[in-house]
Amino acid sequence: MVWYNPKSNIDDHPGKIRTVTGKQIDLLSITEDDIDIEDIAYGLAHTARFAGQTRVFYSVAEHSISVMTNLPLELKIAGLLHDASEAYIGDMPSPIKSAMPDYRYIEDKIMEAIAKKFNFKWPLDSRVKKIDKKILLKEWSELVIGDDDIIDETPKKSVISCFLRLFEHVVEEQRIYKEKKSVNR
C-alpha cells in the first residue's frame, strides 16, 4: 500500500519515517546518507527528557548541549550527538529500554550510522558516558524532584492545562450520562 503526500508530491511508504528535511528513512536499514543534522536538531529539540515527566519542558537537545559543554574539544561532537538516535525513534525511559532488546538493536544501528556520518567513536568513549551520567543525575535532581516553585511558562503549559480541563469535563459528562442511563432503565 502506498500513501500520497500532496504537500511534497512524494509517495510515503510504510516502514519508513519522514523527516522535516523531507527524507524518507527506513530505520531498520539506515545509512549515513539518511542522516541529516537538521533532522537531528529538530527531533531532539521536540523530544522531552524523562518521558516528559519534568517540572518544565526539557528537551533531549538541551541535555545534549549540557553534555557537550562539559567535555574536551575532541569529544564535543560525540557529546552533542550521544543521544542523536532519539531524533528518529524518540526517547524511552531506561527501565523500558533495557527490557526491549529490539529497541536497543535499532538504536545501536542508528547510532552507528550517525557516528560514521559525523566521525566519532561508537560505542561512546567512557568519558562521554561519565559526563552523561553526571548530567542525568543533575537533571533528575533539578527537573524531576526539584523545587515546587518552578514556574513553567512554556506554551506546553497551556496545552497541559487544556488537556486536564478537557479530561475532567469528559469524565463528568460520562458520569452524568451513566447516571441518566441507569435512571431510565
Side-chain angles (χ1 to χ4, degrees), residues 5 7 16-25 27 30 34-71 75-100 102-104 106-108 110-111 113-115 117-118 120 122 124 127-172:
N5 182 339
K7 279 187 172 180
K16 293 186 178 185
I17 66 160
R18 182 137 183 118
T19 68
V20 295
T21 62
K23 291 181 181 251
Q24 294 182 42
I25 301 172
L27 294 175
I30 195 166
D34 294 322
I35 306 299
D36 189 298
I37 196 65
E38 288 183 47
D39 291 330
I40 291 171
Y42 188 91
L44 295 182
H46 285 87
T47 302
R49 289 278 289 161
F50 302 106
Q53 300 301 313
T54 53
R55 297 180 183 281
V56 295
F57 179 77
Y58 188 72
S59 71
V60 174
E62 291 169 284
H63 164 76
S64 298
I65 291 166
S66 270
V67 171
M68 182 216 61
T69 60
N70 284 276
L71 289 165
L75 296 174
K76 286 192 181 292
I77 290 295
L80 187 63
L81 298 176
H82 77 281
D83 282 335
S85 62
E86 294 174 10
Y88 300 99
I89 56 175
D91 186 18
M92 184 176 293
S94 294
I96 302 301
K97 192 185 286 188
S98 64
M100 300 183 72
D102 290 344
Y103 178 92
R104 283 214 180 264
I106 293 166
E107 178 184 48
D108 192 56
I110 295 169
M111 284 305 300
I114 292 167
K117 171 91 174 198
F118 298 110
F120 65 90
W122 184 260
L124 290 170
R127 294 172 290 172
V128 176
K129 291 178 183 181
K130 182 179 177 185
I131 293 297
D132 183 33
K133 179 75 170 178
K134 178 182 169 186
I135 298 296
L136 177 139
L137 295 173
K138 181 178 186 277
E139 293 165 348
W140 180 261
S141 174
E142 293 174 1
L143 299 167
V144 178
I145 61 172
D147 298 331
D148 286 335
D149 61 351
I150 291 177
I151 299 171
D152 185 357
E153 301 201 15
T154 64
K156 304 258 185 299
K157 186 70 173 183
S158 63
V159 173
I160 293 166
S161 296
C162 179
F163 184 95
L164 293 172
R165 282 193 314 273
L166 287 170
F167 175 80
E168 290 170 7
H169 178 75
V170 170
V171 166
E172 181 62 13

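Since the model is a prediction, treat every value here as computed from it, not as a measurement.
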S.K.: Just how far is it from atom NE2 of His82 to atom CH2 of Trp122, taken to the nearest 0.5 Å?
M.R.: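 Rounded to the nearest 0.5 Å, the NE2-CH2 separation comes out at 9.0 Å.
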S.K.: Please determine whether side chain to side chain contact (heavy atoms under 4.5 Å, CB included) holds for the pair Lys117 and Ile40, giving the CA-CA distance in whole Å, both sets of side-chain angles, and the decisive distance to 0.1 Å.
M.R.: CA-CA 12 Å; Lys117 171 91 174 198; Ile40 291 171; over 6 Å; no
S.K.: Can you tell me how far CD of Gln24 sits from OG1 of Thr19, rounded to the nearest 0.5 angstrom?
M.R.: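 Result: 9.0 Å between the selected atoms.
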S.K.: Between Leu136 and Arg49, what is the shortest heavy-atom contact and its length?
M.R.: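 Distance-wise, the nearest heavy atoms are CD1-NH2, 3.7 Å.
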S.K.: Before you tell me yes or no, could you show the steps for Met92 and Arg104 under side chain to side chain contact (heavy atoms under 4.5 Å, CB included), namely the whole-Å CA-CA distance, both residues' side-chain angles and the distance that decides it to 0.1 Å?
M.R.: CA-CA 10 Å; Met92 184 176 293; Arg104 283 214 180 264; over 6 Å; no
S.K.: Taking atom CD1 of Ile110 and atom CG of Asp108, what is their separation to the nearest 0.5 Å?
M.R.: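 Ile110 CD1 to Asp108 CG: 9.5 Å, rounded to 0.5 Å.
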S.K.: Mind checking side chain to side chain contact (heavy atoms under 4.5 Å, CB included) for Asn70 and listing every partner two or more places apart, or none if nothing turns up?
M.R.: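 Asn70: side chain to side chain contact (heavy atoms under 4.5 Å, CB included) contacts with Ile131, Ile135.
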S.K.: To check you understand the geometry: which heavy-atom pair defines the closest contact between Ser85 and Glu107, and what is its length?
M.R.: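 Nearest pair, atom of Ser85 first, then Glu107: OG-CG, 3.3 Å.
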S.K.: Out of the candidates Ile17, Leu44, Asp34, Val20, only one should pair with Asp39 under the side-chain contact (heavy atoms from CB on, under 4.5 Å) rule; please name it.
M.R.: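 Of the listed residues Ile17, Leu44, Asp34, Val20, the side-chain contact (heavy atoms from CB on, under 4.5 Å) partner of Asp39 is Val20.
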S.K.: Which heavy atom in Gly79 sits nearest to a heavy atom in Val128, and how many Å separate them?
M.R.: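 Smallest interatomic distance, heavy atoms only, reads CA-CG1, 4.1 Å.
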S.K.: So, Ser64 side chain and Val60 main chain: donor-acceptor pair closer than 3.5 Å or not?
M.R.: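 Answer holds: yes.
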S.K.: For the pair Glu62 (side chain) and Ser59 (backbone), establish whether a donor and an acceptor sit closer than 3.5 Å, ignoring hydrogens and angles.
M.R.: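 A pair under 3.5 Å: yes.
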S.K.: For Leu137, does the CG atom sit with more than 12 other heavy atoms under 6.0 Å from it, leaving out its own atoms?
M.R.: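 Counting neighbours around CG of Leu137, more than 12 heavy atoms of other residues, nucleotides or ligands fall under 6.0 Å, so yes.
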S.K.: Using 0.5 Å steps for rounding, measure from the CZ atom of Phe120 to the NZ atom of Lys76.
M.R.: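 Between atom CZ of Phe120 and atom NZ of Lys76 there are 15.0 Å.
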S.K.: Identify the two heavy atoms, one from Tyr88 and one from Ile25, that lie closest to each other, and give their separation to 0.1 Å.
M.R.: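 That would be CE2-CD1, 3.7 Å.
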S.K.: What is the minimum heavy-atom distance between Leu75 and Leu71, and which atoms define it?
M.R.: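 Shortest heavy-atom contact: O-CD1, 3.7 Å.
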S.K.: Any side-chain donor paired with an acceptor under 3.5 Å for Thr47 and Asp91?
M.R.: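 Looking only at side-chain atoms, Asp91 and Thr47 do not form any donor-acceptor pair under 3.5 Å.
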S.K.: Could you state the interatomic distance from CD1 (Ile89) to CD1 (Ile106), rounded to the nearest 0.5 Å?
M.R.: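 That separation rounds to 7.0 Å.
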S.K.: Please lay out, stage by stage, how Ile65 and Leu80 fare under the test side chain to side chain contact (heavy atoms under 4.5 Å, CB included).
M.R.: CA-CA 6 Å; Ile65 291 166; Leu80 187 63; 4.0 Å; yes
S.K.: To check you understand the geometry: which heavy-atom pair defines the closest contact between Gly90 and Tyr103, and what is its length?
M.R.: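 Closest approach of Gly90 to Tyr103, heavy atoms only: O-OH, 3.0 Å.
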S.K.: Could you tell me which residues satisfy side chain to side chain contact (heavy atoms under 4.5 Å, CB included) with Ser94, sequence neighbours excluded, listed by chain and number?
M.R.: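 Testing Ser94 for side chain to side chain contact (heavy atoms under 4.5 Å, CB included), a comparison that skips the adjacent residues, returns none.
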S.K.: Between Lys23 and Ile35, does a side chain to side chain contact (heavy atoms under 4.5 Å, CB included) hold up when you go through it step by step?
M.R.: CA-CA 9 Å; Lys23 291 181 181 251; Ile35 306 299; over 6 Å; no
S.K.: Count the heavy atoms belonging to other residues, nucleotides or ligands that lie under 6.0 Å from NZ of Lys133, then report whether that count exceeds 12.
M.R.: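 Not more than 12 within 6.0 Å, no.
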S.K.: Give, for atom CZ of Phe50 and atom CZ of Arg55, the distance between the pair rounded to the nearest 0.5 Å.
M.R.: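 Reported value, rounded in 0.5 Å steps: 12.5 Å.
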S.K.: Tell me every residue that passes salt bridge (Lys or Arg N to Asp or Glu O under 4.0 Å) with Lys134, counting only those two or more places apart in sequence or in another chain.
M.R.: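 Lys134 satisfies salt bridge (Lys or Arg N to Asp or Glu O under 4.0 Å) with no residue once adjacent residues are dropped.
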